[in-house]
Amino acid sequence: MPAIVLVGAQWGDEGKGKATDLLGDRVDYVVRYQGGNNAGHTVVIGDKKFALHLLPSGILTPECTPVIGNGVVIDLEVLFREIDGLNEKGVDTSKLMVSANAHIITPYHVTVDKVSERFLGKRAIGTTGRGIGPTYGDKIGRLGIRVQDLFDPSILKQKVEGSLTQKNELLIKVYNRAAVKADEVVEHLLSFAERLKPMVADTSLVLNRALDEGKTVLLEGGQGTLLDVDHGTYPFVTSSNPIAGGATTGSGIGPTKISGVIGILKAYTTRVGAGPFPTELFDEWGEYLRKQGGEVGTTTGRERRCGWFDAPIARYATRVNGLTDIFLTKLDVLTGIKEIPVCVAYEVDGQRVEEIPVSQTDFHHAKPIYENFPGWDEDITGATTFEDLPKNAQDYVLALEKMSGTRISAIGVGQDRNATIVRHEMLS
């Protein structure tokens with residue numbers, strides 16, 4: 001069975017956790033392939049709400065094996081705090097596997113992240129301050145600490161000292177901060193080694209063998225397409241590749257083994273942090289969406305910026321990810337709105353533009369061109385088929401499908417894991 005990629009098709013926070021959880025009992029492995037604890041998924045099961053930051057959403061499905069791939073950067077303290085929290089709620093985490101090649105977020109990465117963001121002042125990117133960017137920077141600069149390094153104290157100490165030679169100069173001379181002591185960092189990291197070791201594996205080998213045996217692998221990205229370091233709203237992006245192409249490098253699974261890419265889209269749009277956002281609302285409707293949708297970041301706790309659905313963004317996500325299916329989430333949030341605007345194009349310098357401008361300046365100044373769709377008042381949270389939806393809700397979904405250029409195969413109509421309408425099979 002080929003692998004399936006699940007990717008955020010906006011700026012993240014689209015509801016990937018719910019989508020993964022929905023598919024989890026039908027797959028054998030769920031793999032997180034990039035990002036760190038700067039991403040978050042919220043899954044509601046009955047009266048319990050689970051907030052996941054590093055762990056794949058499949059951790060909540062006993063039948064599947066959750067995997068943290070080599071493309072992820074890991075804060076070990078956060079990882080074990082999250083594991084302990086799930087264990088306290090009765091969730092079995094014993095099947096978790098962690099790639100030996102994943103990179104470790106150290107305390108000095110967090111320090112550098114926070115002080116450098118403050119140093120930028122008005123040019124701040126809106127980073128979560130969790131050390132993600134500096135860790136990826138060290139990875140690319142070949143100064144990184146990998147999971148496997150924790151099991152060779154001598155190598156670990158050499159690598160930490162090598163990295164701090166540069167960073168301490170920066171902290172002392174540029175940021176007027178105290179130097180970080182290498183021995184303290186090494187001691188901190190080694191304190192996790194014994195507990196971590198049973199989870200560590202050559203996950204690329206495990207996953208490829210699983211595929212060869214006919215098993216199903218679901219690859220789960222953090223953040224979203226417009227936060228991709230190559231294809232997002234640079235520089236207001238994350239430091240990795242959330243798009244579908246990142247699934248191969250972040251998991252060690254070749255691209256020929258991927259047969260489908262599911263994009264997650266909200267029925268409206270949100271983002272956290274700085275950067276352009278053409279449909280952002282600053283009026284009562286923005287507050288309405290924020291309140292009705294519970295739009296607070298799972299990881300950051302920051303209120304999300306809210307706006308209407310943006311069709312050019314959906315088309316862009318379809319293109320750069322090669323989407324085969326869309327999972328449309330939070331349709332129920334729009335219930336009660338008389339007319340629902342949808343951004344169908346932009347106005348840039350007096351010209352109508354159908355696609356996202358390649359120029360950052362043009363995108364920053366793009367003005368949304370809206371088309372209004374009639375809303376509905378009926379409660380849709382109990383709908384189980386597409387036909388159960390009010391006619392106007394059906395028409396809205398079909399309009400988004402046409403504008404996105406990809407079939408909408410599933411629709412979220414409520415918070416609960418079962419509040420989902422499936423129109424087309426997505427694991428084929």
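Basis for what follows: all heavy atoms, side chains included, without hydrogens, waters or symmetry-related copies. Owing to the predicted nature of the structure, the values given are computational and were not obtained by experimental measurement.
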Around atom CD of Q166, are there more than 12 heavy atoms of other residues, nucleotides or ligands at under 6.0 Å? no
Less than 3.5 Å apart, any donor N or O on the side chain of S163 or D138 sitting next to an acceptor on the other? yes
Could you check whether any side-chain heavy atom of S204 comes within less than 4.5 Å of a side-chain heavy atom of N208, counting everything from C-beta outward? yes
Would you check, one step at a time, whether the test salt bridge (charged side-chain N to carboxylate O under 4.0 Å, His left out) holds for K16 with E14? CA-CA 6 Å; K16 295 179 292 295; E14 302 94 347; 2.9 Å; yes
Set of residues satisfying ring-ring contact (aromatic ring centres under 6.0 Å, His included) with respect to Y108, sequence neighbours excluded: none
Tell me if a side-chain donor or acceptor on K95 pairs with a main-chain N or O of P62 at a distance below 3.5 Å. yes
Please step through side-chain hydrogen bond (donor to acceptor under 3.5 Å, both in side chains) for the pair K139 and T135, ending with a clear verdict. CA-CA 6 Å; K139 175 179 179 177; T135 305; over 6 Å; no
Determine whether a donor-acceptor pair (N or O, by modelled atom type, separation under 3.5 Å) exists between the side chain of E295 and the backbone of K291. no
Smallest heavy-atom separation, F236 atom then P276 atom, equals CD1-CD, 4.0 Å
We want to know whether S99 and N101 form a side-chain donor-acceptor pair, criterion being a heavy-atom distance below 3.5 angstrom. no
Check the surroundings of atom NE2 in H424: do more than 12 heavy atoms from other residues, nucleotides or ligands lie under 6.0 Å from it? yes
So, taking the atom named CG in L96 and the one named CZ in R32, what distance separates them when rounded to the nearest 0.5 Å? 12.0 Å
Pair N321-Y316, side-chain donor/acceptor within less than 3.5 Å: no
Assess, by modelled atom type and distance only, whether the side chains of E401 and T406 contain a donor and an acceptor separated by less than 3.5 Å. no
Between F309 and K266, is there a side-chain heavy-atom distance shorter than 4.5 Å? no
Under 3.5 Å, is there a donor on one side chain and an acceptor on the other for D75 and N37? no
Do side-chain atoms of D28 reach the backbone of T216 as a donor and acceptor pair under 3.5 angstrom? yes
Looking at D310 and R315, is there a salt bridge between them, counting it only when a charged N and a carboxylate O are closer than 4.0 Å? no
Kindly assign one of parallel, tilted or perpendicular to the pair F277 and W11, based on the angle between their ring planes and the thresholds 30° and 60°. tilted
Does E187 have more than 12 heavy atoms from other residues, nucleotides or ligands lying within 6.0 Å of its CD? no
Check this for me: R195, atom CZ, are more than 12 non-hydrogen atoms of other residues, nucleotides or ligands nearer than 6.0 Å? yes
Around N176, counting heavy atoms of other residues, nucleotides and ligands shown, do more than 12 lie under 6.0 Å from its CG? no
L331 to A267 - nearest heavy-atom pair and separation: CA-CB, 3.9 Å
Looking only at the side chains, is there a donor atom on one of D388 and T385 sitting less than 3.5 Å from an acceptor on the other? yes
Is it the case that over 12 heavy atoms from other parts of the model lie below 6.0 angstrom from the NZ atom of K181? no
Check the pair R146 / D149 against side chain to side chain contact (heavy atoms under 4.5 Å, CB included), numbers first and verdict last. CA-CA 5 Å; R146 299 196 293 179; D149 297 329; 3.7 Å; yes
Regarding T249 and N241, is there a side-chain donor-to-acceptor distance under 3.5 Å anywhere? no
Please check if any side-chain donor atom of D152 sits under 3.5 Å from a side-chain acceptor atom of S154, or the reverse. no
Under a 3.5 Å threshold, yes or no: a donor from one side chain and an acceptor from the other, between H109 and T106? yes
Residues V72 and A102: closest non-hydrogen pair is O-CB, 3.5 Å
Do the rings of F80 and F192 sit parallel, tilted or perpendicular, given the 30° and 60° boundaries? parallel
Among side-chain atoms of T318 and S404, is any donor-acceptor pair under 3.5 angstrom? no
Calculate, to the nearest 0.5 Å, the distance between atoms CD1 and CG belonging to I262 and L218 respectively. 6.5 Å
Taking R130 for the side chain and G36 for the main chain, is one N or O donor matched with an acceptor at less than 3.5 Å? no
